[in-house]
Every structure is written in C-alpha cells, then in structure tokens.
Amino acid sequence: MGLHALEFSECYLDSPCFREKIKAHEAELEKTNRFIKELYKDGKNLINATKQLGMAQRKFAQCLGEFQFEYIGDAKTDDEKCIDESLQEFSSFLKNLEDQRELMMRNITETLMKPLEKFRKEQLGTVRAERKKYEKETEKYYSSLEKLLNMSAKKKEPQLQEADIQVETMRQHFQEESLDYVCKLQEIQERKKFECVEPMLAFFQTVFTFYHQGFELAKDFDHYKRALQINIQNTRSRFEGARSEVYELMKRIRETPQEYRQTSPISCEGYLYVQEKRPPPFGSSWVKRYCTFVKEQKILHMVTFDHRSGGKIGETESVTLKSCVRKTTDMLDRRFCLELDITDRPGTVLTVQALSEDDHKFWMEAMGGKEPIGHYLGRTYSKERGIDAQLDEVGLSFVKNSISAIETRGINDQGLYRVVGVSSKVQKLLSLMIDEKSNEVDLSASEDWDVKTITSALKLYLRSLPEPLMTYGLYKEFISPAKGGSPESRIQAVHCLVHKLPEKNRQVLGLLMKHLANVAAHSKQNLMTVANLGVVFGPTLMRPQEETVAAIMDLKFQNIVVEILIEHHEKIFADAPESCPLSPAALVFSAPTRQSKKLSRQNRPLAVYNPQALDIQNVPAVGDGSSIATDETSLGSNESMSSQSSSASASETSTERSDHAPLKSSLSAGSNSGAPAAGASWSSAGAPGETEPAATTAASDKEKPEESVTSRKAKAVYPCEAEHDSELSFQVGAIFNAVTQSREPGWLEGELEGKRGLIPENYVEIL
C-alpha cells in the first residue's frame, strides 16, 4: 500500500497515527532527495566520461585527417585518389559525430541535470525548512501547554486569563503551521511525479536524437562507403597482378643480376673503390665511392658513402676523364683495377677498383675501355618459350578462331580468362595454330581443347609477339591519359592514339576489344567485369621495353587504358577522330576543369593582350587530375571506374588549346594565374578598363577596348554545364553560331539552339 493521505482535520487532533503518517511522507521525500543526489553525481560522471570519449575520438579523427598515403610512381589511379582521401573522409565523419555528441551533452546538462538539481534544492529543500519550522512550533506549543497546565489554580484570574490567551494563540499558530506543512508534503509528493520524470524523458529524447543523427550520418556515409569498397577491391586486384609481376622480375634479376643492371645511353653508375694517396710514410688508402659517369661529357661524379657509418653521404667530387686503361695485377697487387687519366689534373692518374670481374668489364665498356663485353638484348617471351608468334594472317586467323570458340562455347564460364589452362597443353595448342604447315582446326567445333586452354593460348600468343600489340613506341603516350584529366579527355586521347597504331595492330586490337566487351556483358554469369578484364589484359597488350619495378607500378594505369578501350570500343575503333589538335598526352593534362571555367565578375584583374609575346609553338599545357565519383548504378559490382563522372578538382589552373585561331584562357579571380593562350600572353592590370581579345594579328601596345570580331562558328571540345543564367550548357561536338569575343576576359558569346550566351573560351575551337 502507498502513503496515506494527510487529512487537514487531523492537524487539529495531531494524533500519534497522524504523526506516523507524516514521518512516512518525510522518509519518502528523504529517499527521493538521496536518489536525485546520487543520480546527479552519476550524471556528472557520465558527462565527464563522455567528454573524455569525445576528446579521444577527436584526437583519433585528427590523427586520421593528418595522415596521407605516399604512392610509388608519378601519378595515382582514380581508385588510389579516392583511397588517399578516405582518411580525411573518415576524420570528417568522426568529427561530425562528435559535434553531435557534444550537442547531446549540452542538452543533457540543460534538460536533465539542472532541472533535477533545481527540484532537489528548491522543492525538497523547502520541505526540509518547513519541517524544521513545524517541529519548532510543535515544541513551542506543547511546552507552553504544559506550562499552562502546571500553573497553580490559586493564581489571580487576570494572570490565568492572560496565560490562556497566550496558549490559545500558540495553538492557532501551531495548527496553521501544521496545515501548511501537511499541504506542502502532499504537494511535493505529487509534484515529484512529473518534476523528476519529465527531465528523464528529455534526457532519453536527447540520447535518441543523437543516435538518430548517427543513423542519418551512416545513411549519408553509405553511398561513399560502397564506392570506397569498389575502389579498394579494384586496388587489391591491381595489387595482386603487380605483386606477381614484381616477384617474377625479382626472380629473374636474382638469377642474372648483370643483365638487369640499370644503364642508359647518357650515364652509368655504381660503386668503385678509389685509391687515395697520402704523404709518406702513410702510403695510400682505398675509399668506397658511388660513381656516376656521364658518357657524352666524360665526367665522373664521385660521392663518398659508407654503409657502415649509418649511411652518411659525403661531399661530391667531379673529374673529367681523358682515357681509361685496365691495370694489370703485375703493376698493382689488386684485381679489377682501372687507371683513369684526368684532363683537369694534368699528369694525375686516378686508380679505381671495380667490385668484380663483371663489374670491371662494365666500367671498361662505359668509359671506353678496350675489352669487349656481351650486350644484353632483352628478354622476349617468344625466345624463352620457343614460340615464333607473328602478327600476320596466320596470327589474325588464330585470334578470330579463338574468339569465335570462346563466345560459342564458354562465354558464361566463371573466371573466363582468369582461370588458366595447363601450360603444356596451352603451348601445344598455340604451336599447332600458328604453324603454317598444319591444317587449321575449328576450335568452335572441336572438343579436344577446353575453353581455359583456348583463352590461355590466346593470351600467350599476344604476350609472345615480338612487340606488344599496342607497341613499345606508344606505351608512354597510352599511359599518360590514365594518369589524369577528365573521363572525356581520356577517351579522346586514347581514341587518337589507337589510330596511330599500325593497321594490323589496330585491326587485332579492335577484334579483341569487341570480344572483351561481349565477355563483360555476361559478367553476371562469368564474373568478369570490365575492371577484371583490365587487370588480365593490361600487361598482355601493353608493356614498356625495360622491365623495372617502376614499370610494374604502372600496371594499374595499363588496366585503366584497357578498360577505356573495352567500354568505348565502338566509338574508338569505328572511325578515326576528326582531329587531334594537341598530342593525346597534352590533351589529357590540358583538359579544362570546372574551376578553370568559373570566372568571378567582380574584383578581377584585367587580362591585357601583349602582341610582342607571340609564341604559338611553345604553349604550355597545364592541367590537374580530378577525383572520380562512382555512379550509383555501378556501386554493387566491381565495375570499371575509368569513364564515370569526375568531381571538381580542389584547385585548377587555366588551360589552353592551339589551332588556327588562338584561344584565351580563364583567369582566376583576384590573381594572375591564367596560363597564356596560344598566340598571346596575358598579364594582370590593376587599372579599370576593357580587355582586348587575342587576335591573329598584332594589336597595339596601348590598352584600349576593341569591338567584337567578325561573326564565326565554334565547336565544343569539352562538355560544360552552365553555372549562371548568362552561360550556355553544351556537350562535346556542339556547334555555336555567330561567335564573337565577349567583353568578359576568357569568354566568348555565341548562339546555340536559338539561345545566346557566354561560352568559356578554352572549351571550344574556332572553325
């Protein structure tokens, strides 16, 4: 049973039962007071602990945000860029979460801690004060009553009446105090039901709001998470391919290290021990130095370096070589020595010692010595495997035969082109198919050869060609588009390069890309997406002439090139591009970006045309890569990322194109960072005034406004989305009519589909 109600009538009786009821009410309120006090203490501890958690998480987030991955090579893939930025994204996510947690803690303080403490101090504290007052009045009244009752009846009547009046006054005051106290007790008992619980409800509402915010953040993060998972999967796939190539190269170098010694037509380098003569009686000493010999100038640079002293690098000494003579052991009791005649020290002979006999021959050859050495001509797959693969009619017939068989018999086979056949069977099939004397076998109808043997034979044929299908000469140009630029510029660059290939190479490559696109179209069954096929065929179709670790690090970019070829094979192999105004590599890195188009129309330096700085042949091509945002439609699969939409770069520089008519480049607001256009140079001018457009004829040095040039047509070479009502949106290939020079620096005006507006000048070419 709960507490008894305190009746006001009982205040006048003040019975023992009434007093017990009051004590029960007082004990309940005391328990409530202790509960709130303990809860407040625990709440403070919770807030402090949460603050400590928040500080730890913010420190963790800061650590994530400050770290940045370094990468091998001169560029990152789009996947690597996204992975590189992921730590900053994680850091931002955690900081956002901690901002919400901090807000929750402030709300808990305001909605729970302060109201509870206020109720305890103001309400329960008041009851305590009333209780003391009630007890004081009780003591006072009953003491007076006892004193009155103990008075002698013999006292005079006035004295007795006066005592009676005093006691009656005290009794009334006591009863009034009793009524107030009983009322207050019951009021607090009822008030605590909502005064205590309402802050609790607000507390849980605050907590649930925080968790809901976390849920919303997780929902927002989900799209990025799924995109990043694809980036990681693609990078892991490329890593596996690159790792196997690196281990294979390491194995070959370990077996024949001299064949892989890094040399170049310009210089050679390595360690030599140099004899340093000292005054008598100290004799001479031999000091290890790392030497670089520049062949054309015959200059030998020597740097002292001792691995045992912690790798400290000493000073560099350079000498010019006149001649090199092998020093025999009968002249000096040390092997592998050379005697160098130095021109800048007449009469001085420098004696050096190579590390081995092979090293001795290497330096003799490099410095013009007389002893002949063998020359490494490079490893080819055909010599190693004994296969004479050629890009002729027989080879073309084999490619067509293999493609037909694969598409007829195994287009849905899981792991197509990744699952390899037995090596002996593969070589036997390839030898049979490229032997002109043997009868051609229809692989589509023959059951003697399984699909994995045919796919492996086709790959082996492509690897065994004397030169890769995409040629050594164009290797670097093919790699360049994959290292930067927008998706559209990459496609355009690869399109141009494909049509630089020899006819036979382009024909076979076109057949293969059409086939691989068909394979990728069945990826739900065979699991071979465009990205997976890029991993398989990247190093098969293109590779550098020199086998180095740096070249292997470019495997990931080879994959991207193959992805572009597969995804856009219809466009790339159908017709030659209409024009390639720049070299494909320059085209990629000069592709204008979103921020290079943006022009601030206020507080911007004027672009001043300088006719004396004409230099059409030497126009710098400057650009910046862009990170790739994965299309939502491809998030569920390991699909190619090579041609998806790019996000705006963090910082851009202006770009330019050279053609029959020079084009200006955009100028950044508040700075003179725009690169000069073809045929013109641009500088910042602080004085207000108009801008003279670039023209094919020299303009006056004097800065003055110039009327719009004669109306002409222009063609869009990059897509653009308008960011202002006065601008035009367009796609690649759009034709603009009535094109005139705008008074805005770096912009043209033209008509498209009946609408006239501004056009970024470095996005078009004049027809």
Side-chain angles (χ1 to χ4, degrees), residues 1-45 108-153 155-203:
M1 185 177 175
L3 295 171
H4 292 281
L6 299 174
E7 298 294 342
F8 290 123
S9 59
E10 291 186 284
C11 293
Y12 294 92
L13 295 175
D14 198 16
S15 65
C17 182
F18 175 66
R19 286 288 178 157
E20 289 298 322
K21 291 179 183 178
I22 288 179
K23 285 183 179 180
H25 279 265
E26 289 173 344
E28 174 60 25
L29 292 182
E30 188 62 33
K31 185 176 73 171
T32 303
N33 183 70
R34 289 196 303 270
F35 161 71
I36 293 176
K37 201 170 182 179
E38 190 69 24
L39 188 67
Y40 185 84
K41 179 182 176 182
D42 291 341
K44 293 286 283 185
N45 291 337
I108 288 175
T109 300
E110 295 297 324
T111 59
L112 175 66
M113 306 300 290
K114 288 184 177 179
L116 283 179
E117 187 67 2
K118 182 180 179 182
F119 175 76
R120 190 182 72 83
K121 289 182 177 179
E122 293 184 2
Q123 300 298 328
L124 297 179
T126 301
V127 169
R128 282 190 168 188
E130 290 289 335
R131 178 183 176 182
K132 289 180 179 179
K133 189 175 179 182
Y134 174 66
E135 289 174 346
K136 183 177 180 181
E137 291 297 327
T138 299
E139 176 66 26
K140 189 175 179 181
Y141 166 64
Y142 282 107
S143 295
S144 299
L145 182 60
E146 288 179 2
K147 186 176 180 182
L148 175 66
L149 295 176
N150 289 328
M151 284 184 69
S152 172
K155 292 275 186 181
K156 293 181 180 181
E157 187 63 27
Q159 290 179 328
L160 292 175
Q161 287 180 355
E162 184 181 355
D164 288 341
I165 292 171
Q166 287 180 354
V167 171
E168 181 62 23
T169 302
M170 289 183 183
R171 182 182 63 79
Q172 290 178 359
H173 195 272
F174 163 68
Q175 288 174 346
E176 287 177 3
E177 187 63 38
S178 180
L179 287 171
D180 289 340
Y181 182 51
V182 165
C183 182
K184 191 67 176 178
L185 280 176
Q186 296 188 115
E187 177 188 331
I188 298 299
Q189 293 291 3
E190 294 302 307
R191 182 184 288 274
K192 72 178 184 182
K193 296 175 183 177
F194 56 87
E195 292 277 11
C196 289
V197 175
E198 194 172 41
M200 303 288 182
L201 180 62
F203 164 74

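Values reported hereafter were calculated over all heavy atoms of this structure, with side chains retained and with hydrogens, waters and symmetry mates removed. We're numbering straight along the sequence, starting at 1.
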Who are the ring pair (Phe, Tyr, Trp, His ring centres under 6.0 Å) partners of Tyr12, not counting sequence neighbours? none

Checking Phe8, Phe18, Tyr134 against Tyr181 for ring pair (Phe, Tyr, Trp, His ring centres under 6.0 Å), the one that qualifies is Tyr134

For residues Lys192 and Phe119, determine if any side-chain heavy atom of one lies less than 4.5 Å from a side-chain heavy atom of the other. yes

For residues 29-37, dump all side-chain donor-acceptor pairs below 3.5 Å to protein atoms at least two apart in sequence or in another chain.
| residue | atom | partner | partner atom | Å |
| --- | --- | --- | --- | --- |
| Glu30 | OE1 | Arg128 | NH2 | 3.1 |
| Glu30 | OE2 | Arg128 | NH2 | 2.6 |
| Lys31 | NZ | Glu28 | OE1 | 3.4 |
| Thr32 | OG1 | Glu28 | O | 3.0 |

Would you mind checking if Glu10 and Lys21 are paired as a salt bridge, meaning a charged N to carboxylate O distance below 4.0 Å? yes

Do Thr138 and Arg19 have side-chain atoms, one donor and one acceptor, less than 3.5 Å apart? yes

If you look at every heavy atom in Ala163 and Met151, which pair is closest and at what distance? CB-SD, 3.5 Å

Apply the test salt bridge (Lys or Arg N to Asp or Glu O under 4.0 Å) to residues Glu135 and Arg131: give CA-CA distance (whole Å), side-chain angles for both, the deciding distance (0.1 Å), then the verdict. CA-CA 6 Å; Glu135 289 174 346; Arg131 178 183 176 182; 3.3 Å; yes

With sequence neighbours left out, the residues meeting ring pair (Phe, Tyr, Trp, His ring centres under 6.0 Å) with Tyr141 are Phe174

Working to the nearest 0.5 Å, report the span between CG of Leu3 and CD1 of Ile22. 12.5 Å

Mind checking the CG-CD spacing from Asp180 to Glu130? Nearest 0.5 Å is all I need. 6.5 Å

Indicate yes or no: at least one non-hydrogen side-chain atom of Lys41 is less than 4.5 angstrom from one of Asn45. yes

Please say which of Glu190, Lys184, Gln189 ends up in a side chain to side chain contact (heavy atoms under 4.5 Å, CB included) with Glu187. Lys184

Are Lys121 and Glu117 close enough for a salt bridge, meaning some N to O gap below 4.0 Å? yes

When you compare the side chains of Glu139 and Ser143, does any donor N or O come within less than 3.5 Å of an acceptor on the partner? yes

Distance, nearest 0.5 Å, that separates CE of Met113 from CG of Leu39: 7.0 Å

How many angstroms lie between atom CE of Met170 and atom NZ of Lys140, to the nearest 0.5 angstrom? 5.5 Å

Under 3.5 Å, is there a donor-acceptor pair between the Gln186 and His25 side chains? no

Over all heavy atoms of both residues, which pair between Gln175 and Cys11 is shortest? Give the atoms and the distance, please. CG-O, 4.3 Å

Rounded to the nearest 0.5 Å, how far does SG of Cys196 lie from CZ of Phe194? 10.0 Å

Approximate separation, where rounding is to 0.5 Å, of Leu160 CG and Asp164 CG: 6.5 Å

What are the two closest non-hydrogen atoms of Ser144 and Val167, and how far apart are they? O-CG2, 3.7 Å

